[in-house]
Amino acid sequence: MEHFQQVEPFDYVIFGATGDLTMRKLLPALYNRMRVGQIPDEARIIGTARTELNREQYLERARDALQRFLPADIYNPGLTDRFLGQLDYVTLDATQSGTDWNDLSSLLAEAPPERIRVYYFATAPQLYASICENLHSHDLITPQSRVVLEKPIGTDMATATVINDGVGHYFPESQIYRIDHYLGKETVQNIIALRFANPLLNAAWTKDFIESVQITAAETVGVEGRASYYDTSGALRDMIQNHLLQVLCLVAMEAPDTLEASKVRNAKLAVLNALRPIPEDRVAQETVRGQYTAGVVNGENVPGYLEELGQPSNTETYAAVRVWVDTPRWKDVPFYIRTAKRSAKKVSEVVINFRPAATAMFGSTPASNRIVVRVQPNEGVELHLNVKNPALDVFSLHTADLDASIRMEGGQPFPDSYERLLIDAVRGNPVLFIRRDEVEAAWRWAEPVLDAWAQNKAPMQTYSAGSYGPQQANTLLADQGDKWHEDME
Ligand SMILES: NC(=O)C1=CN([C@@H]2O[C@H](COP(=O)(O)OP(=O)(O)OC[C@H]3O[C@@H](n4cnc5c(N)ncnc54)[C@H](OP(=O)(O)O)[C@@H]3O)[C@@H](O)[C@H]2O)C=CC1
Ligand SMILES: O=C1O[C@H](COP(=O)(O)O)[C@@H](O)[C@H](O)[C@H]1O
C-alpha cells in the first residue's frame, strides 16, 4: 500500500457518467485507487449526464456497477459506502447552455478555487467542443483544470482536426489529456525499461541485429454491445491508428533524454513522422483486412460479424499491415502489426526477431534469438536462446527460454490501465497521454490505407471466428520469409 502516494484533493467531473465506460472502467478504477489509499477524503467525483436521477438513484447505479465489475475479492461494501460518500451526480445536457450548469457550478464552488479539476469526457467525441464551450461560458475552466478526452479522436484527419480545434479553443494543449489505455498498461511501459535500462538489449536494438518486429493485439470477443460504434470504425481505426502505433513508437523510438512528457512525446512523434506512407497501388500488397464469419471460440459457436450486425458491412474486424520506419536504426526492418476480433485467443504481445548467427560452426544455422514481450495475459518477457542440447552425446543445439514473469507483489492482479491514467491526470503528468501532433501524424499515415480500402483497392478477406485470421495475412509475412509468432512455435 505504501507504494502509492496520496494525490492532492481533486474534483473529477465525468461527462457521460451513466454510460458503459464510466460504469465498467472509470468508477471501478477510482474505487481501486481509493482502496490503495491514493484518493484523499476531500476528493469528489461528480458524474453528469442527461438522465434525470437524484444523487441516491445515481449512487445505486454506481453501487451495482462496482458490485458487477469489480472482482468479488476486491468489492467491499464498507469501502463502497466510503467511495459513494465522495460521489455526486448532476443531471445535465452538456450540449445545452441552460440552467443545469448552475448546479454543477455551485457544487464546484464549494471547493477552494485552486482545487485540481479533471473534466473527463466519456461521451461521444462530437460533444467535446460544446462541453468545452459550456465549461468556458460558465467560468469553470481554472488554471488547475484539465480535460481528459476519450478515443476516438476522429475517424480521419479532418474529423480529428474538428475535435482538437473544438477543445483547443478553450483549453491549452498543456491541459488536454488524450487517453490511450494501452499506454497505461504496465507491460507496455515496461518496453521503455527493457530497452533503455539494459545495455545488453539496447546495444542490439537496431537493424544490424533485429530482422523483424511483430506487434499483435488479438481478442476472442466480437464487437459486444458496441456494434454501432465499431461498424463506423473498424480494426484499423479502433486499434492500429492509436494503441498499436503507440506501442510501435515505444519499440522504435530513439532514447529520450529523460522520461519527461515532452521528451518522450517528441521521440514518439519522430517515429510516427518516419512511418513510410503506403501508396494506393501498394495497399493490396502491404495490408490485409478481413471480417470474421461464424466459428467456434473457446468451445462456443459464435455468429459471423455480418450476422451479429444484421446488415451488410464493409468494416474490417481484422487488419494486418507491414510497416516500415524510415530511420537509420530501422532501415529495411519490417514491423508487422495486426489486430483481430474473434481470434483464436486473447493475446497482446511484441515479438522481436533477431537475425540468425552468422556462423557455420554448428553445421546448420542456429535458431534466431527472439524476445517476446507479453503485454497480456500472463505478463512477462521471454528470451529464446540457443544452448547445447544436454540430452545428446553429439554437440547439437536446442532452444531454451528465459522467462521473466512480471508480477505484482503478493500475486495481486495488475492495476487496470485506467487506474494509472486517471491518477496521472490528477497529478498533471501527461507522459502517458497523446499529444495532438501525435494523433495527427498517426492519421496522416493511416488515412491513405483507409481511403484505399474504402475504394476496395485491397479485397475484404474472411476468416472463421476462432482462427488466427485470413490466410492472406500469412502471405504478407511469407513474402519476406517470415512467419507469425504462433507459427514459429
Ligand atoms: N465503452 C467502452 O468500452 C469504451 C468507450 N470509449 C469511448 O468513451 C466514450 C463513451 O463511451 P460509452 O460509455 O461506451 O458510451 P455510452 O453510449 O454508453 O455512454 C454515453 C454517455 O454520454 C451521455 N450523454 C450523451 N449525450 C449527452 C449529452 N448531450 N449531455 C450529457 N451527457 C450525454 C450518456 O448519458 P445520457 O444518455 O444519460 O445523457 C452516457 O452517459 C466514447 O467516446 C467511446 O468511444 C473508449 C474506449 C472504450
Ligand atoms: O480501445 C479498445 O480496446 C479494446 C481492447 O483493449 P484490451 O485492453 O482488452 O486489449 C477493444 O476491445 C476495443 O474494441 C477498443 O475500442
Side-chain angles (χ1 to χ4, degrees), residues 13-29 47-53 57-58 61-62 65 69 89-98 100-101 104 119-131 133-135 148-155 159 163 178-188 215-247 315-319 339-343 345-349 374-377 379 414-418 420-421:
V13 181
I14 302 177
F15 291 90
T18 54
D20 173 71
L21 183 74
T22 302
M23 294 296 165
R24 215 158 40 81
K25 292 285 187 185
L26 306 185
L27 296 182
T48 81
R50 291 169 308 179
T51 305
E52 293 273 354
L53 297 171
Q57 289 167 323
Y58 185 69
R61 286 195 184 196
F69 296 116
Y89 181 77
V90 173
T91 301
L92 181 70
D93 185 335
T95 61
Q96 306 297 314
S97 62
D100 291 350
W101 283 90
L104 180 60
Y119 295 116
Y120 196 110
F121 292 179
T123 67
Q126 294 85 317
L127 273 54
Y128 294 174
S130 359
I131 303 177
E133 187 183 346
N134 283 316
L135 286 172
V148 179
L149 307 184
E150 258 303 338
K151 62 174 282 206
I153 307 293
T155 52
T159 48
I163 293 168
R178 295 177 193 80
I179 205 159
D180 184 309
H181 80 279
Y182 262 63
L183 291 180
K185 287 184 193 287
E186 201 48 46
T187 31
V188 168
I215 300 173
T216 296
E219 304 180 85
T220 50
V221 293
V223 291
E224 311 276 88
R226 297 172 69 217
S228 59
Y229 150 74
Y230 194 86
D231 201 53
T232 61
S233 169
L236 196 131
R237 287 188 175 95
D238 188 47
M239 292 294 291
I240 292 184
Q241 185 272 345
N242 37 70
H243 307 316
L244 298 194
L245 284 188
Q246 284 292 318
V247 175
T315 298
E316 79 287 354
T317 59
Y318 178 100
T339 185
K341 295 278 187 201
R342 287 287 189 225
S343 182
K345 58 180 184 183
K346 177 160 176 78
V347 57
S348 295
E349 65 182 15
R374 294 191 304 261
V375 172
Q376 62 188 27
E379 290 81 352
F414 279 97
D416 186 81
S417 50
Y418 275 94
R420 166 75 198 253
L421 297 172

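As the structure lists them, so they are numbered: ligands from 1, and atoms in each ligand from 1. All of these numbers come straight from a predicted model, not from anything done at the bench. Quick note: residue numbers are just sequence positions, from 1.
Within the 4.0 Å heavy-atom criterion, neither part of Thr48 lies near ligand 1. At a 4.0 Å heavy-atom cut-off, ligand 1 touches Glu150 through the side chain alone.
Residue Arg24 places a heavy atom less than 4.0 Å from ligand 1. Put simply, part of Tyr128 is less than 4.0 Å from ligand 1, judged by heavy atoms.
For ligand 2, the atoms sitting less than 4.0 Å from at least one non-hydrogen atom of Lys346 are 7 (P), 9 (O), 10 (O), numbered in the order shown with element in parentheses. Close approach of ligand 2 to His243 is summarised as follows: ligand atoms under 4.0 Å from at least one heavy atom of the residue are 1 (O), 2 (C), 3 (O). The contact set between ligand 2 and Asp238, taken as ligand atoms under 4.0 Å from a residue heavy atom, comprises 13 (C), 14 (O), 15 (C), 16 (O). Interface of Gly19 with ligand 1, defined as ligand atoms under 4.0 Å from a residue heavy atom, comprises 13 (O), 18 (O), 19 (O), 40 (C), 41 (O). Of all atoms in ligand 2, listed by their number and element, those nearer than 4.0 Å to a heavy atom of Lys341 are 11 (C), 12 (O), 13 (C), 14 (O).
Side-chain contact of Tyr182 with Asn242: a donor-acceptor pair under 3.5 Å is absent, judged by distance alone.
One distance of note links OG1 of Thr22 with CZ of Arg61; it measures 11.5 Å at 0.5 Å rounding. Distance CD/Glu186 to CD/Gln376: 12.5 Å, rounded to 0.5 Å.
Nearest protein heavy-atom neighbour of atom 3 (O) of ligand 2: His181 CE1, 3.3 Å. Remark: minimum distance from atom 8 (O) of ligand 2 to any protein heavy atom is reached at Lys185 NZ, 2.6 Å. Taking atom 5 (C) of ligand 2 as the reference point, the nearest protein heavy-atom neighbour is Glu219 OE1, 3.5 Å.
In terms of polar-atom proximity, defined here as any N/O pair under 3.5 Å, Ser348 makes no such contact with ligand 2.
Distance alone, capped at 3.5 Å, places no donor-acceptor pair between the Ser417 side chain and the Gly184 backbone.
Classified by interplanar angle (parallel below 30°, tilted 30° to 60°, perpendicular above 60°), the ring pair His243/His181 is perpendicular.
Closer than 4.0 Å to atom 17 (O) of ligand 1 lies none of the heavy atoms of the protein.
Ion pair Glu349/Arg374 not flagged as a salt bridge, since none of the NZ, NE, NH1 or NH2 atoms sits closer than 4.0 Å to an Asp/Glu carboxylate oxygen.
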